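Below: the structure, in structure tokens.
No experiment lies behind these values; they were computed from the predicted model shown.
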Amino acid sequence: MIITLDGPSGSGKGTIAKKLSEKMQAWHLDSGLLYRALAFFMNNHPAQAIDIFIAECDVQWISETGETVVYFDKTCLNPYLRTEQVAQLASKIASDCTVREILLHKFRALALVHPNMIADGRDMGSVVFPQADLKCYIDAPVDVRAWRRYQDLLKNDAAIQYDDVFFQIEQRDNRDRNRPCGALCCPDKALVINTTKYSVESAVDYIMSQIQKNITC
Ligand code: DC
């Protein structure tokens, strides 16, 4: 069973996907993490082919924490991937249709090995898994998403400015929504969840009730 959760940055899709995967004991594919890992690798090894990274990276899901983890050369890359700089690099390389095509094959190969999967990203339901059992689109207004990200970043950086965070989120939204391939959009027949109205728990419960309604009967 494949469930997809797409949506813009800061919408809460990652947290919802993680909780859902823990509850359902289904593999969580955080596709953005692969874009981030690839961007990080390309930034540090500009001369190396993308194919080498994709063929040799190891993607795992830790059932105890619900976390997706990326390894390269036996090194866990996760600690380097959650910065705003890597997010911006990832958003830039994500506009390259060749990169997207390579990652699409990687995502589908992972789903063959882990057929019970919660996949979150920008194009999981629209392009990568259009035949998913349930497609969701997780959204919230840009100011709400920027405020959430700002509160998060404040924990480690007291000098962070809300206006800068808002600008970065808007810039990433524009790039993610307007690229020539795999652009962020609400997939056909997706369940739309606005996270200003739903807490993480209630969104997870709602999605689980829809899975039971749509898939088990
Ligand atoms: O979900 P995230 O913030 O970790 O994603 C980082 C970037 O990766 C995002 O700005 C766009 C890109 N991305 C993508 O283009 N397609 C996906 N399915 C997932 C992420």
Check your understanding: Given R172 and E84, is the side-chain contact (heavy atoms from CB on, under 4.5 Å) satisfied, shown in steps?
Key -> CA-CA 10 Å; R172 202 135 72 89; E84 189 51 38; 4.0 Å; yes
Review point. Are L154 and I169 connected in the hydrophobic side-chain network, where two residues link if heavy atoms are under 4.5 Å apart?
Key: yes
Review point. For the side chain of R36 and the backbone of V86, is there at least one donor-acceptor N/O pair under 3.5 Å apart?
Key: no
Review point. Quick one: are Q48 and F53 in side-chain contact, heavy atoms under 4.5 Å?
Key: no
Exercise for review: Could you walk me through whether F72 and L38 pass the side-chain contact (heavy atoms from CB on, under 4.5 Å) test, one step at a time?
Suggested key: CA-CA 10 Å; F72 186 74; L38 181 57; over 6 Å; no
Check your understanding: Judged by atom type as modelled, is there a donor-acceptor pair below 3.5 Å linking the side chain of N43 to the main-chain atoms of A39?
Key -> no
Check your understanding: Could you give the distance from CG (D120) to OG1 (T68), rounded to the nearest 0.5 Å?
Key -> 7.5 Å
Check your understanding: Is there a side-chain contact between I16 and V204, using heavy atoms and a 4.5 Å cut-off?
Key -> yes
Practice item. Just do the side-chain contact (heavy atoms from CB on, under 4.5 Å) check on H105 and I54 with the steps written out, would you? Key: CA-CA 10 Å; H105 290 297; I54 296 301; over 6 Å; no
Exercise for review: Answer yes if I102 and L89 sit in the same cluster of Ile, Leu, Val, Met, Phe, Trp and Tyr residues linked by side chain heavy atoms under 4.5 Å apart, and no otherwise.
Suggested key: no
Check your understanding: More than 12 heavy atoms of other residues, nucleotides or ligands under 6.0 Å from NZ of K18: is that the case?
Key -> yes
Check your understanding: Tell me, do S9 and R122 make a side-chain contact under 4.5 Å, heavy atoms counted?
Key -> yes
Practice item. Taking all non-hydrogen atoms of both residues into account, name the closest pair between K135 and P187 and its distance. Key: CD-CB, 4.0 Å
Review point. CD1/I62 to OG1/T65 distance, rounded to the nearest 0.5 angstrom?
Key: 5.5 Å
Practice item. Return the orientation label for the Y35 and F107 ring planes: parallel under 30°, perpendicular over 60°, tilted otherwise. Key: tilted
**Study point:** Residues, nucleotides or ligands: over 12 heavy atoms within 6.0 Å of F166 CZ
**Key:** yes
Review point. Step by step, would you call K23 with D205 a salt bridge (charged side-chain N to carboxylate O under 4.0 Å, His left out)?
Key: CA-CA 10 Å; K23 277 203 168 176; D205 289 346; 3.4 Å; yes
Check your understanding: Hey, quick one: are L81 and V99 part of the same hydrophobic cluster, counting side-chain heavy atoms closer than 4.5 Å, chains of contacts allowed?
Key -> yes
Practice item. Work out which heavy atom in A119 is nearest to a heavy atom in F129; give both atom names and the distance. Key: CB-CE1, 3.9 Å
Study note, to complete from the structure: When every non-hydrogen atom of C181 is compared with those of S95, the smallest separation belongs to SG-O, 4.3 Å
Review point. Where the side chain of N194 meets the backbone of A140, is there a donor-acceptor pair that is under 3.5 Å apart?
Key: no
Revision key, fill the gap. Distance col, row D164:CG vs Y150:OH, nearest 0.5 angstrom, shows 10.0 Å
Exercise for review: Looking only at non-hydrogen atoms, find the nearest pair between Y137 and R177 and report the distance.
Suggested key: OH-NH2, 3.9 Å
Review point. Which pair of non-hydrogen atoms, one from A17 and one from H28, has the smallest distance, and what is that distance?
Key: CB-NE2, 3.4 Å
Review point. Can you check whether K106 reaches V59 side chain to side chain, under 4.5 Å on heavy atoms?
Key: yes
Point to revise | Student check: side-chain heavy atoms of L5 and L20 closer than 4.5 Å | key: yes
Practice item. Any chance you could measure T15, atom OG1, to K13, atom NZ, to the nearest 0.5 Å? Key: 9.0 Å
Exercise for review: Answer yes or no: is there a donor N or O on one side and an acceptor on the other, between the side chain of D73 and the main chain of T75, under 3.5 Å?
Suggested key: no
Review point. Side-chain contact, heavy-atom cut-off 4.5 Å: Y206 with Q210?
Key: yes
Point to revise | Exceeds 12 heavy-atom contacts within 6.0 angstrom, atom CD of Q131 | key: no
Review point. Under a 4.5 Å cut-off applied to non-hydrogen side-chain atoms, are M42 and I50 in contact?
Key: yes
Practice item. Enter the distance from L191:CG to C136:SG here, rounded to the nearest 0.5 Å. Key: 5.0 Å
**Study point:** Main-chain N/O of N174 paired with N178 side-chain donor or acceptor, under 3.5 Å
**Key:** yes
Check your understanding: Should L34 and M117 be regarded as members of a common hydrophobic cluster, given that ILVMFWY residues are connected when their side-chain heavy atoms come within less than 4.5 Å of each other, either directly or indirectly?
Key -> yes
**Study point:** The single option from R149, R179, R145 passing salt bridge (Lys or Arg N to Asp or Glu O under 4.0 Å) against D173
**Key:** R145
**Study point:** Polar side-chain atom of D6 near backbone of M124 as donor-acceptor pair, under 3.5 Å
**Key:** yes
Review point. How are the rings of F41 and H45 set relative to one another: parallel (under 30°), tilted (30 to 60°) or perpendicular (over 60°)?
Key: parallel
**Study point:** Neighbour count above 12 (heavy atom, 6.0 Å) for Q88 CD
**Key:** yes
Review point. Is the shortest distance from a Lys or Arg side-chain nitrogen in D30 or R82 to a carboxylate oxygen in the other one below 4.0 Å?
Key: yes
Check your understanding: Do you know which two heavy atoms are closest between A203 and I193, and how far apart they sit?
Key -> CB-CG2, 4.3 Å
Exercise for review: Starting at CG of L77, measure out to CG of D58 and round the result to the nearest 0.5 Å.
Suggested key: 10.5 Å
Point to revise | Heavy-atom check, side chain of L103 versus side chain of S31, under 4.5 Å | key: no
Point to revise | Verify same cluster id: W61, V69 (apolar side-chain graph, 4.5 Å) | key: no
Check your understanding: Could you walk me through whether M24 and N116 pass the side-chain contact (heavy atoms from CB on, under 4.5 Å) check?
Key -> CA-CA 9 Å; M24 296 176 63; N116 265 338; over 6 Å; no
